[in-house]
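This one's a predicted model, so the numbers in the text were calculated from it and none came from an experiment.
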Amino acid sequence: MTQKPERVQTGIRIEKRLLKVLKALAEHLDMSLGDMIEGMALHSFEGKPPFSAETLEKIEKLKSVYDLDWTAADSHMFKEDGT
């Protein structure tokens, strides 16, 4: 690592159920939501899976709890409703 991370506050819009799953997963992994998202992005940029098989099983359970049935393919169909 060549430089110290400089973190900024951001106001992103994200689907409510997806956020609930992400927050619950971060809690389960005992890390902040921001740290988890950074790790997910950095793994994705390198084409590496961000989660173990065990964590993926937990994600499936959390998706069920929060009624999140979307897949990666669905993300290409999301449209803002103009509000």
Side-chain angles (χ1 to χ4, degrees):
M1 188 163 73
T2 59
Q3 23 179 346
K4 183 179 176 184
E6 179 183 349
R7 293 196 165 83
V8 296
Q9 192 67 32
T10 181
I12 63 169
R13 288 172 49 100
I14 188 167
E15 201 280 327
K16 185 177 180 178
R17 292 172 295 165
L18 178 57
L19 179 60
K20 287 181 178 184
V21 170
L22 290 171
K23 288 170 105 175
L25 181 61
E27 177 69 24
H28 171 74
L29 296 173
D30 195 27
M31 61 190 335
S32 74
L33 179 60
D35 286 347
M36 187 180 76
I37 291 172
E38 285 176 347
M40 290 168 51
L42 292 170
H43 277 79
S44 295
F45 292 165
E46 295 181 21
K48 297 178 181 178
F51 301 115
S52 67
E54 179 181 323
T55 303
L56 290 173
E57 288 179 24
K58 182 65 175 184
I59 291 169
E60 286 305 313
K61 290 176 184 174
L62 291 169
K63 286 173 61 178
S64 177
V65 167
Y66 293 108
D67 296 323
L68 182 64
D69 58 357
W70 294 334
T71 67
D74 295 321
S75 70
H76 300 289
M77 298 184 304
F78 293 164
K79 301 282 186 237
E80 288 294 321
D81 62 4
T83 60

Trace of the side-chain contact (heavy atoms from CB on, under 4.5 Å) decision for Phe51 with Leu25: CA-CA 11 Å; Phe51 301 115; Leu25 181 61; 3.8 Å; yes
Salt bridge (charged side-chain N to carboxylate O under 4.0 Å, His left out): pairs with one or both residues in residues 63-76, sequence neighbours excluded: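 Sorted pair list: Glu60-Lys63.
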Pairs flagged by salt bridge (charged side-chain N to carboxylate O under 4.0 Å, His left out) wherever residues 24-33 is involved - sequence neighbours left out: none
Hydrophobic cluster (4.5 angstrom, side-chain heavy atoms) - remaining members for Leu42: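 Besides Leu42, the hydrophobic cluster comprises Phe45, listed by chain and residue number.
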Polar side-chain atom of His43 near backbone of Gly39 as donor-acceptor pair, under 3.5 Å: yes
Side chain Glu46, main chain Lys48, donor-acceptor under 3.5 Å: no
Non-neighbouring partners of Lys16 that pass side-chain hydrogen bond (donor to acceptor under 3.5 Å, both in side chains), sequence neighbours left out: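 Once residues adjacent in sequence are excluded, Lys16 has no partner under the side-chain hydrogen bond (donor to acceptor under 3.5 Å, both in side chains) criterion.
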Partners meeting side-chain hydrogen bond (donor to acceptor under 3.5 Å, both in side chains) with Ser52 (sequence neighbours left out): Thr55
Spacing of Lys20 atom NZ and Tyr66 atom OH [to the nearest 0.5 Å]: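 Lys20 NZ to Tyr66 OH: 7.0 Å, rounded to 0.5 Å.
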Separation between CE of Met31 and CD1 of Ile37, rounded to the nearest 0.5 Å: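 Result: 10.5 Å between the selected atoms.
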Shortest non-hydrogen separation from Ala72 to Ser75 and the atoms involved: O-OG, 2.7 Å
Identify each donor-acceptor pair in which a side-chain atom of residues 5-12 lies under 3.5 Å from a protein atom, sequence neighbours left out, and give them as a table.
| residue | atom | partner | partner atom | Å |
| --- | --- | --- | --- | --- |
| Arg7 | NE | Glu38 | OE1 | 3.3 |
| Arg7 | NE | Glu38 | OE2 | 2.9 |
| Arg7 | NH2 | Glu38 | OE1 | 2.7 |

Test side-chain contact (heavy atoms from CB on, under 4.5 Å) applied to Leu22 and Met40, step by step: CA-CA 11 Å; Leu22 290 171; Met40 290 168 51; 4.2 Å; yes
side-chain contact (heavy atoms from CB on, under 4.5 Å) between Leu33 and Leu19, worked out: CA-CA 9 Å; Leu33 179 60; Leu19 179 60; 3.8 Å; yes
